[in-house]
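First listed ligand is number 1; within each ligand, the first listed atom is number 1. The basis for the numbers below is simple: all heavy atoms, side chains too, and nothing from hydrogens, waters or symmetry mates. All of these numbers come straight from a predicted model, not from anything done at the bench.
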Amino acid sequence: MQVTRDLFDDVMVPNYAPSAIIPVRGQGSRVWDQNDKEYIDFAGGIAVSCLGHCHPALVQALTEQGQKLWHLSNVMTNEPALRLAKKLTELTFADKVYFANSGAEANEAALKLARRWALDVHGEHKSQIISFNKSFHGRTFFTVTVGGQTAYSDGFGPKPGDIAHADYNDLASVEALISDNTCAVMLEPLQGEGGIISPGADFIKGVRALCDKHNALMIFDEVQTGVGRTGAMYAYQYLAVTPDILTTAKALGGGFPIGAMLTRTEIAKHLKVGTHGSTYGGNPLACAVAEAVLDVVDNSEVLAGVAQREQLFRAGLVRINEKYNVFSEIRGKGLLLGAELNDTYKGQAKTFLNAAAEHGLMCLVAGADVIRFTPSLVIPEQDIAAGLQRFEQAVAQVVKG
Ligand SMILES: Cc1ncc(COP(=O)(O)O)c(C=O)c1O
């Protein structure tokens, strides 16, 4: 069968508009399409492929586990899941882990746990969830409603209730909403999809203090920031603010679907037998790969390498901007970076993305005004230099019109 991009429109539900390119293989930070055209990957499958494509340690973990045991369901536990959970508890504040298959599912579990905890410990009145405008937490109906973009939550009938939205980096807006009826405040420790918005240190500390004052749980959605992306294993560690619940997915599996929710024992105990679950959650294949991911990323050299690579990206983007004057700001942390387009180019992030692809570079957008870069954490320096060269050619093309 000949597989072409046209087939997508014939056989797929039209909720995505994928690019014309169909990649067929990848190695490290390079990808090749059906025509053998090569791309440098600054997108990393939306902050997922944290060790690039086909990293030998992940291929080995997948093939070894693939020859042993693929699946059991949660009627039985399995060795990779228990090893991975142990590692996650050793790496973080958490004592307990719940496994899911995606970021949205990890967040769904976090929100349901928060509601259960509040109901059990405080009573029915404590059900309000506060999150932030522009935030993104996934596409289940609960997470999309907690997320701060009505474009994703409208049009599906009645929404889950008692959810309010404050403004990120505006502590007064949280203070105006929070009360003893608040069950949880959910936030990204750096807004990703919302445009690469870093939190002020005082803001995060202030939210923690408000949660403490009102006995509300603080939920960090580290689906995009987690597993080394910011240069720390988890962003809460460099922010020096510890949440009560943390969710992680994307890079955790390095390309194999897995998500996890982490919390402390006294909160975890409210997700009693039968209250929540997933057939695939904690699947041995996914957990074996994720264990290999953590073994590679949890390494001071790899994490320090993220900060070094951030500097290379920033310096390169500043140089391009000096020449072409297209950006108003380069922002973000580690290898979760955004270049915001200035007034002349506002709304044209997709145009830059398409031009980049023409020149053999995969990157992302975060809204209409920001070009986003989330490459592999171990992308070779030559690939950064070569990719930035291609990006410069794309910028030149857009500027020339
Ligand atoms: C912060 C954050 N939370 C949750 C999600 C949803 O994750 P998934 O697409 O794996 O459900 C994303 C995905 O972009 C995200 O960036």
Side-chain angles (χ1 to χ4, degrees), residues 13 15-16 18 43-50 98-114 129-149 151-153 163 165 168-169 184-199 204 207 218-230 232 234-236 239 243 245-262 278 280-283 286 289-290 293 332-338 349 363-367 370-375:
V13 166
N15 62 316
Y16 301 121
I46 319 191
V48 167
S49 311
C50 61
Y98 166 83
F99 285 121
N101 312 291
S102 66
E105 283 177 69
N107 285 334
E108 184 81 18
L111 292 163
K112 285 177 73 179
L113 170 59
I129 290 163
I130 297 175
S131 65
F132 293 89
N133 292 317
K134 294 192 182 166
S135 68
F136 186 77
H137 299 297
R139 296 286 201 147
T140 65
F141 207 11
F142 202 169
T143 56
V144 95
T145 309
V146 170
Q149 303 183 47
Y152 297 151
S153 58
I163 295 165
H165 296 92
Y168 202 70
N169 277 331
V185 178
M186 179 177 235
L187 73 167
E188 295 159 84
L190 186 163
Q191 282 195 334
E193 303 297 312
I196 313 294
I197 315 290
S198 290
I204 293 281
V207 173
M218 190 182 199
I219 306 174
F220 266 19
D221 176 346
E222 293 233 28
V223 167
Q224 190 150 174
T225 53
V227 193
R229 181 64 46 197
T230 65
Y234 285 97
Y236 84 86
L239 290 166
I245 301 177
L246 180 152
T247 56
T248 175
K250 285 194 185 276
L252 180 61
F256 201 100
I258 182 169
M261 177 198 67
L262 282 55
S278 154
Y280 284 119
N283 168 285
V289 176
V293 169
K333 172 105 180 137
L335 290 173
L336 179 48
L337 294 171
C363 55
L364 297 168
V365 300
V370 178
I371 303 160
R372 176 172 34 157
F373 304 97
T374 55

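Among the atoms of D221, some N or O lies under 3.5 angstrom from an N or O of ligand 1. For a threshold of 3.5 Å applied to N or O pairs, the pair formed by A249 and ligand 1 contains no separation below that value. In terms of N/O distances under 3.5 Å, ligand 1 is not approached by E105.
Q149 has its side chain out of reach of V144: every pair of non-hydrogen atoms, C-beta onward, lies at least 4.5 Å apart. Proximity of S278 to F99: side-chain heavy atoms (C-beta onward) are nowhere separated by under 4.5 Å. R372 is listed as a side-chain neighbour of E193, based on a closest heavy-atom distance under 4.5 Å. Side-chain atoms of I129 and F142, non-hydrogen and from C-beta on, do get closer than 4.5 Å to each other.
Between atom CG of residue L187 and atom NE2 of residue H137 there is a gap of 7.5 Å, rounded to the nearest 0.5 Å. The CD atom of Q224 sits 11.0 Å away from the CD atom of Q191 when rounded to the nearest 0.5 Å. Remark: L262 CG to I245 CD1 distance equals 10.0 Å, nearest 0.5 Å.
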Check your understanding: Between F220 and Y234, does a ring pair (Phe, Tyr, Trp, His ring centres under 6.0 Å) hold up when you go through it step by step?
Key -> CA-CA 10 Å; F220 266 19; Y234 285 97; over 10 Å; no

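Within a 6.0 Å radius of CZ in F141, other residues, nucleotides and ligands contribute more than 12 heavy atoms.
The closest heavy-atom contact to atom 5 (C) of ligand 1, among the options V223, T140, T143, L336, comes from V223. Summarising the contacts of atom 7 (O) of ligand 1 with G103, G253, A47, the nearest heavy atom is found in G103.
Distances from ligand 1 to the non-hydrogen atoms of I46 include no value under 4.0 Å.
Using a 4.0 Å cut-off between heavy atoms, H137 contacts ligand 1 through its backbone alone, with no side-chain atom that close. Of the heavy atoms in N107, only side-chain atoms (C-beta onward) come closer than 4.0 Å to ligand 1. The side chain of E193, and not its backbone, has at least one atom closer than 4.0 Å to an atom of ligand 1 (non-hydrogen atoms only; side chain from C-beta on).
Checked against V146 for a side chain to side chain contact (heavy atoms under 4.5 Å, CB included), the options I163, N107, D221 give a single hit: I163.
Here is the list of ligand 1 atoms found below 4.0 Å of a heavy atom in A104: 6 (C), 7 (O), 8 (P), 11 (O). Here is the list of ligand 1 atoms found below 4.0 Å of a heavy atom in E188: 1 (C). Taking a cut-off of under 4.0 Å to the non-hydrogen atoms of S102, the atoms of ligand 1 that pass are 10 (O), 11 (O). With ligand atoms numbered from 1 in the order given, ligand 1 contributes 16 (O) to contacts under 4.0 Å with heavy atoms of Q224. Those atoms of ligand 1 with a heavy atom of F136 less than 4.0 angstrom away are 1 (C), 2 (C), 3 (N), 5 (C), 6 (C), 12 (C), 13 (C), 14 (O), 15 (C).
Of all protein heavy atoms, the one lying nearest to atom 14 (O) of ligand 1 is K250 NZ, 3.1 Å.
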